[in-house]
Structures are given as C-alpha cells and as structure tokens.
Amino acid sequence: MLDIKLIRTNPDQVRAGLAKRGVEALVDELLQLDQERRDQLTMVENLKNKRNVVSKEVGRLKAAKVEATNLINEMKIVNDQIKKLDGEIKEIEEKISSMLFSIPNLPQEDVPVGKDEKENKEIRRWGEPRKFSFDPKPHWELGENLEVLDFDRGAKLSGARFTVLKGLGARLERALVNFMLDLHINKHGYTEIFPPFLVNRDCMVGTGQLPKFEEDMFKVNPGEYFLVPTAEVPVTNLHREEILELESLPKKYVAYTACFRAEAGSAGRDTRGLIRQHQFNKVELVKLTTPENSYQEHGALVHDAEKVLQLLGLPYRVVLLSSGDMGFSASKCYDLEVWLPSFGVYREISSCSNFEDFQARRANIRFRREPDAKPEFVHTLNGSGLAIGRTVAAIMENYQEKDGTIMIPEVLIPYMGSIKVIK
RNA sequence: GGAGAGAUACCCAAGUUGGCUGAAGGGGACGGUUUGCUAAACCGUUAGUAGGAGCAAUCCUAGCGAGGGUUCGAAUCCCUCUCUCUCCGCCA
C-alpha cells in the first residue's frame, strides 16, 4: 500500500512511478477524496468536542439537581449531525482504502522500464549448459519412464496440474527440502519457521495477495481460510501489527511450505510436467529489515538463493525484472532462471523481491530506532530458495544420461541415503 | 461439538445502582534523594498508537479484545463476533 501522505505531498512522483508499470493511476480522484475526508473530519471532530464538553456539563448540572433539558435537546441535534458526518466519512474512507489496496508498489529507480518480460535485464550467468551427445528428454518423460513421476494418477486423485511423486522421486523432493533448509539455516544464518498452510484474510491482505488477486487463491470453507500461495504470506505476517526492536533486525527466516495456486489465467501454459502445478513445495527466504539496509539485504538474499543452484551444479542466470513484469507488491525484483535442456531456455526458479515498506504498511509491521522514537515501517523482502518442483525438473533434465537414468548431484547424495543415481 | 470462565495500560489488577476514572492499587522500568559500594527506604515520572488542525508551542478526535446499538453522556447496559482458559465428548 502506498502512503496517502506521499500521494498528497508528491502526486507527480506517484503518477510517474505507476506510469512505469503501465498503470493508470487514480491519483486525482484519490486526492479529492482525501481532501473531502479531512474537511469532514475537522467538522465532525469539532462537534464531538462540543458533545464531550456539554455532556460533562450536563453531568455536573444533574448532580446539582439543576434542569438540563435544553442542553440535552441541543445535543440530540448535534448527535444527528455527527451520525450523518460519521457515515459519510466512513464511506469516503472505505473508498480510499479500497483504492489504495489496489494500487501496486512504485518501482525502484533503477528498475528497467518495460511492458513485460521481454524487457527484463540479464545481470549475470553462472555455469555452462551441458552439451548433450543425445537428445535430452523433458523431465516428464524421464520421470514417467523411471516411475518416479505419475501425472495420470495425480489427475485421477485431484485433477490437472497435480502430480504424484513416487519412490526416489518423492525422496528427491524431500532431500531437496532438507538440503535447502540446512544450507540456509547453517550457512546463511536464517531461522527456520514452520507456519500454518492455511491463513486468514488479514494475512493475505498484508502481503498483497488480496483484495486484488482473490481468483488466484484457493479458499477453504468452513471458516474463511486461504491456502498459502507461498510461505511469504504466513512468515511475513508473523510480525503483523508488531513494533520490533532495532536490535532484532534484520529478521531472517526460512520456511518450507507447500504452496497452492489456482493458476487462473494460465490455461494452456506449461500443461505438462512439474513447472506449473496447483500444489508445489517451496523453501522460502523472508527478511524484515531497516529501510537503509534493505537493498544490501536484497543483494545478499539473491546470493543465498543462487548458492543453492551453484551447489546443485545447475546453470542459471540472474535477471532484473522490468517494471511491467514485476509482481504487484514488489519495488524491485530479481528472478533466478535455471537452464532446462529440453526447453532450451532459462526458466524462473526463484523470485527475489524487495517490497520496501509496501507490505509493512499493509500489515503494520514497524520498528523503533530508540526506546522513545516514533515507530517506522520495516522493509520486507523475500525470495524462493528455491521452488522444489522446478528444481526437481531441472535436476532430472540436466543430470539425465543417455539411458534415461538420472545422476544425483553430489551435495544431495547424503540426503538420498547415499543413492547416487535414479534408475 | 456440550458446559462454564475470562479479555482493562509494559505486567498483574480494581472498577456493573452509567457522569471530573483514559482509568485506583501493586509490580516493573526510568529519573532523583540518601549511601564508602550494594541493598533497603523515600520522592517523582511512566499509555502506547492512529488521525486531524497549526509555522510552532500546543490543541482536538478516536481508543478498556473487535464491530454495532441504547443514551446528552458507556470500561460500566444490550446485540454480534474473535481469541484465551477449565471440564466433558471426539480425534492424529
């Protein structure tokens, strides 16, 4: 959520920022509503003050057994006015907040301006895509042949975009979760969190999934719960409505969760394989930090995610997303894209965003510099470290042999019970 | 799911014949006096927050779990909801 005060004092900056995203901003309408709200507020607060003062007077008169009917009748009229104004203000405020909740974050200055992913900027590459002496197979073929991926039965159990992992496929999935968690906990200093997979509406609003993207979410009844689309939601919201100590920052959390996405609007895309599923596993990194440190932390977070790919020996590149390709809440975002031989392209496997104070303002997550200082919003960041399903796909494709077997990357062998090859 | 109890400031806790109580009293924290040093004792300070007006000092509004209602006036009365605790039932 953008700061209404920023819009009030710096409307042109807001217009320009949103224009980079290709978003037509309702800045003028917002400014007008804001002015209206403040005018009404001043009026109603004066009336409330009058009511408070007169009511005390009435109490005093009654205690002294003095007639106060006139004052009481006068206040009845004032009350009617207050009620009317309060109603109007509430309406205006609802309009303002629903508009604010639907306006995306402003891109950071060095984000390339562009319509979509075509204008993303490649930052660096790591690793050399392997030269195959045979035609590399897509992971779904390899997985079905080895009987470690079962798409048909996934469809039988649930439907399209669900997959059953079996035997060493399931084992590989679990090994990757543990490997990634251990790496980030032991080597990168993150604290492990195991959050609920169902969260309430406030959490979803806090991190920006709602109200705008409800059709992308799975909603669960009874009760009003949402299946988490990413661990970002519960983990960032751990500190919703809290004021943190400066010394406790940065907070660095790593969490494994299953992730659930309705994938509305993705019909026909990535219909085969593990790339786009309604349910997938992910290890997610989340940081809460001070504004002055957030970009340094952002860079470090990207490196922490990259380390996973490096240790797994998977070639990848780092891409800085253009203003048009960034998520709703992000101010700046790097994607890690892993090499997938059967596709012959780099595919997103991690998305590392700095949200600055956009989520913090929604979720009201603040910190205090000094014991008496005014609370300020933290900056929130997160990144996949990594998406497990896509990592499985990448390992299968990059480590496949001519006979259709799959070598296990060195660092995973201990997590695979010393098994070195899936055959 | 059934029965009951509760939610008040950093913590504990008083406050239901509605009216100088936005909140007694403890504890803690902070400051001070005393002291060779500690301790004790004594004195003082201690809602935070959000919003609005103002150049500012400052003032106003909201706020006793949340949201409504009654009333000139609500921590106090009424309704709805959430969460916590105890007992019973069920359950991994």
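Order of the sequence lines fixes the chain letters, A, B, ..., with proteins taken first and strands second; residue numbering starts at 1 for each chain.
- Side chain of R361(A) to main chain of M1(A): a donor-acceptor pair is present (N/O by atom type, distance under 3.5 Å, no hydrogens or angles).
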Return the polar atom pairs (N/O with N/O) between nucleotides 19-24 of chain B and the protein under 3.5 Å, or none.
from, atom 1, to, atom 2, distance (Å)
rG19(B), N2, S55(A), O, 2.8

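- Taking atom P in both rG6(B) and rU17(B), one finds a spacing of 16 Å when rounded to whole Å.
- Taking atom P in both rC78(B) and rC91(B), the straight-line distance is 39 Å, to the nearest Å.
- Base pairing annotation: rG65(B) forms a Watson-Crick or G-U wobble pair with rC81(B), both donor-acceptor distances under 3.5 Å.
- Y415(A) and D182(A) form a side-chain donor-acceptor contact under 3.5 Å, judged by distance and modelled atom types alone.
- When heavy atoms are screened at a 4.0 angstrom cut-off, N52(A) is found touching the sugar-phosphate backbone but no base atom.
- With 3.5 Å as the limit, one finds a donor-acceptor pair spanning the side chains of Q35(A) and R38(A).
- R51(A) places its CZ atom 8 Å from the C1' atom of rG73(B), with the value rounded to the nearest Å.
- In this structure, L85(A) places its CG atom 16 Å from P of rU61(B), rounding to the nearest Å.
- Using atom P as the reference point in both rU38(B) and rC30(B), the two lie 14 Å apart (nearest Å).
- Atom-to-atom, NZ of K50(A) to P of rC60(B) comes out at 17 Å; the value is rounded to the nearest Å.
- In this structure, rU35(B) makes no Watson-Crick or G-U wobble pair, since no nucleotide meets both defining distances under 3.5 angstrom.
- Rounded to a whole angstrom, the distance from the P atom of rG26(B) to that of rA41(B) is 13 Å.
- Comparing the same atom, C1', in rG69(B) and in rU76(B) gives a spacing of 15 Å after rounding to whole Å.
- In this model, no donor atom of one side chain and acceptor atom of the other lie less than 3.5 Å apart for N382(A) and Y253(A).
- No donor-acceptor pair closer than 3.5 Å links the side chain of D325(A) to the backbone N or O of L321(A).
- Across all strands shown, rG2(B) is found opposite rC87(B) as a Watson-Crick or G-U wobble partner, with both distances under 3.5 Å.
- Both distances falling under 3.5 Å, in either a Watson-Crick or a G-U wobble arrangement, occur for no nucleotide opposite rG54(B).
- Look at the P atom in both rG51(B) and rU46(B): the space between them is 24 Å, to the nearest Å.
- Between H188(A) and H184(A), the two ring planes are tilted [angle within 30° to 60°].
- rA62(B) and rA74(B) are spaced 15 Å apart, taking the C1' atom of each and rounding to whole Å.
- The C1' atoms of rG32(B) and rU16(B) are separated by 41 Å, rounded to the nearest whole Å.
- A side-chain donor-acceptor contact under 3.5 Å links T230(A) to the backbone of E232(A).
- In this structure, the CD atom of E245(A) is 13 Å from the C1' atom of rA29(B), given to the nearest Å.
- Atom NZ in K48(A) sits about 17 Å away from atom P in rU71(B), given to the nearest Å.
- For D80(A) and rU71(B), the CG to P distance is 10 Å, given to the nearest whole Å.
- Two residues, V53(A) and K83(A), neighbour RNA chain B, and the one matched to the more 5' nucleotide by heavy-atom proximity is V53(A).
- The CD1-P distance, from I72(A) to rG18(B), rounds to 15 Å in whole Å.
- Side-chain atoms of K20(A) do not come within 3.5 Å of backbone N or O of P107(A) as any donor-acceptor pair.
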Listed pairs, N/O of protein and of nucleotides 50-53 of chain B, under 3.5 Å:
from, atom 1, to, atom 2, distance (Å)
rA50(B), OP1, R366(A), NH1, 3.1
rA50(B), OP2, K374(A), NZ, 3.3
rG51(B), O2', R37(A), NH2, 3.0
rG51(B), N2, E45(A), OE1, 3.1
rG51(B), N2, E45(A), OE2, 3.3
rG52(B), OP1, R8(A), NH2, 3.0
rG52(B), O2', T42(A), OG1, 3.3
rA53(B), OP1, R38(A), NH1, 3.3

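- Pair assignment for rC20(B) gives none, since no Watson-Crick or G-U wobble pairing has each distance under 3.5 Å.
- Rounded to a whole Å, the CG atom of D86(A) is 10 Å from the C1' atom of rU61(B).
- Looking at E284(A) and T257(A), their side chains never bring a donor and an acceptor atom within 3.5 Å of each other.
- N79(A) has no side-chain polar atom (N or O) that falls below the 4.0 Å cut-off from OP1 or OP2 of rC72(B).
- Residues satisfying the side-chain hydrogen bond (donor to acceptor under 3.5 Å, both in side chains) criterion with E397(A), sequence neighbours excluded, are H139(A), S342(A).
- In a base pair of the Watson-Crick type (N1 to N3 plus N6-O4 or O6-N4) or a G-U wobble (N1-O2 and O6-N3), with each distance short of 3.5 Å, rA29(B) is matched with rU45(B).
- rA40(B) is unpaired under the Watson-Crick or G-U wobble criterion, no partner having all donor-acceptor distances under 3.5 Å.
- Between the side chains of S248(A) and E245(A), no donor-acceptor pair of N or O atoms lies under 3.5 Å.
- Side-chain N/O atoms of R368(A) include one lying less than 4.0 angstrom from OP1 or OP2 on rU49(B).
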